[in-house]
Amino acid sequence: MAKVLVVTSGKGGVGKTTSTAALGAALAQNGERVVVVDFDVGLRNLDLVMGAERRVVFDLINVVQGVAKLSQALIRDKRLENLWLLPASQTRDKDALTDDGVRRIIADLRTKFDWVICDSPAGIERGATLAMRYADEAVIVTNPEVSSVRDSDRIIGMLDSKTARAERGERVTKHVLITRYDSARAMRGEMLGIDDILDILATPLLGIIPESQDVLRASNIGSPVTLNNAASAPARAYFDAARRLNGEDVAMTVPVERRGFMNRLLGRRAA
Amino acid sequence: MSATAEPQRQLLRFRGRSFVAFVFSPVVPIMGWLEELDATLARSPGFFAGRPVVLDLSALELSQSAIAHLIASLQERSIRVLGIEGVDEAQLGSGMPPVLTGGRQCSVEDARPKTKAPSGSLLLETPVRSGQSIVFTEGDVTVLGSVGSGAEIVAGGSIHVYGTLRGRAMAGVNGNSSARIYCQKIEAELLAIDGYYQTADEIDGRLRNKPAQAWLDGNIMRITPLN
C-alpha cells in the first residue's frame, strides 16, 4: 500500500526540503522503497540537498508534458539503492504543472514505491496546492514562531478543503513537525513553546527537530542529515519521526546534542 | 412589410431551458378535489397566480370533455395550465395545453413563502483555520474548535466559540444589535456587532485567554468576562 506524503508549510525557509530529504532517507534506511518528488518548479533545491544535482537529465515537467518517461527522470540515490529522486525543473515555473499531469504521475509512482514524498514549494499558490492535491498524509513543517504557526494553520485549512481526499469527503492524515527548536531559548520564553503551537494548530505532533549545525553541514555536502550523521540529534529526531509515520508508538523527546566532557570544557574555539 | 427587401436570412435559434412548475394531481371525485383547492386558495389567495401549473391526470380516466371542463374550472380560479401529463395525445382537443413527458422531481422549497422559515444556526465541528471565512447571515454560528488567527466568522446572529477565538468575529451583520459573541478564550483580532467594532488593541488585556462575551449597550461595545 503506497502512501503519498506531502511535506508542506506555507511559509518558506522553515525546513521543508531538509525534512523531505531526511525523512525520505530515514524511511529508505528501514528498507522501504521511497521516492522524493520536488514540486518547487523554478526554484528546485531538493536535488542539491540529496546530492544529485549533477545527474539531473529529465525532470517532473518533462514527465508531465510527456517529453520523457517517468523511468528516465527518476534518479537513484548513490548511497541507498531504494531511495529515488524526481527532480523539479529549474527553467520553468509553476504554471507548467497541470492537475491532470500530477494526478497521472502520482498514480504511476504509487505502483512503484512504498512512499511518495512530495516536497511542496512555499506559498499557497498552484505549486503548493498541486503538491498536496493527491496526498494521503501531510507533514506540516513549523518553526516555533508566530508567523510560521499562522501560515501552518492556513495550510491545514487548505489540506482539509482543497485536496482530492477532502473533495471525496475523506481526510488527509496530518502531522505537525516542529523544526529549528531550541529548548534553551524556549525555556527562556524567547520562542513559542511546543504546547502553544499544538494548541493553536490542534494537530498531532510528529516530532521535534532541534536547531543544529549538523543540518546545515549535511545540506552543504549534499546529504540528508539522516545519512550524513545518523547519530546527531536532528538525525535521531528524524528517525523517530519516520517511525511514527509508520505507525510506531515512539516516546516524544527532544534529542539534545551529545557533548563529551572535553567538548564541554573546550566548547568553542576562540578566534 | 414585403419580404423582397431582405435578402439576408435571419438564423433561427433554438434553446433548451427548464422551468419549475407546480404539478396538480386531481383525484376523484373531481368536485371534492376542487373544493379542497378552493379551501387552499381561501387561505392564501393568489398563491398560484402567475405560476405555471402542470396537470397530472395519470390517476384519472377522463373523457376529452371532462378534461376541458377541469381546465375551465381551473381557469375560473386564475390557474393557467401549462401542460398535461399522464394522458394520450389523442385524448386532448386542439385548444388544450400540450402533453408533457419526462418531468423530474425537484424541491419547491424556494417557491414557498418563507414566513415560517426558522432563523437557523450553523454548527462547525472542526477548527476554523487561518484564511478561512465563514459567512452565515441567516443566524447563529457555533464553533466547537478554535478560530485561528487570520480566520473570519460573519454571522447574522450570535457567534459562539467553544475554543480560543484568535481571529475576527462579526456578529449581527444584518443590523441585529442584540447579537452577541461568546468565546471560551478571547484572543480575538477584531470583534464586531452590527457594525460596531473593537480591535485587539482596544480589548482589555486582563480578559485575554479568559471566557468572555461581547454585546452592544446602545452604541458601546461591552466585553465582559463570562461567569
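Below, chains carry the letters A, B, ... as their sequence lines are ordered, and counting in each starts from 1.
- Ranked by heavy-atom pairs shorter than 4.5 Å toward chain B, the options A/Gly10, A/Gly157, A/Ser152, A/Ser161 are led by A/Gly157.
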Residue pair A/Ile200, B/Glu187: steps toward the side chain to side chain contact (heavy atoms under 4.5 Å, CB included) verdict: CA-CA 11 Å; A/Ile200 293 173; B/Glu187 279 182 53; over 6 Å; no
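- Annotation: A/Arg133, atom CZ; neighbour count of heavy atoms from other residues, nucleotides and ligands within 6.0 Å is above 12.
- The contact between A/Asp199 and chain B is made by backbone and side chain atoms together, counting heavy-atom distances below 4.5 Å.
- The main-chain N or O of A/Arg150 is never found under 3.5 Å from a side-chain atom of B/Arg129 such that the two would form a donor-acceptor pair.
- Residue-environment remark: OH (B/Tyr197) stays at or below the threshold of 12 foreign heavy atoms within 6.0 Å.
- Sparse packing is recorded around CD of B/Glu36, with 12 or fewer heavy atoms of other residues, nucleotides or ligands lying under 6.0 Å away.
- Taking a 6.0 Å sphere around CZ of A/Arg168, one finds it holds more than 12 heavy atoms contributed by other residues, nucleotides or ligands.
- Within a 6.0 Å sphere centred on CZ of B/Arg80, heavy atoms belonging to other residues, nucleotides or ligands number 12 at most.
- No option in B/Ser149, B/Ser130, B/Ser146 other than B/Ser130 meets the side chain to side chain contact (heavy atoms under 4.5 Å, CB included) test with A/Asp153.
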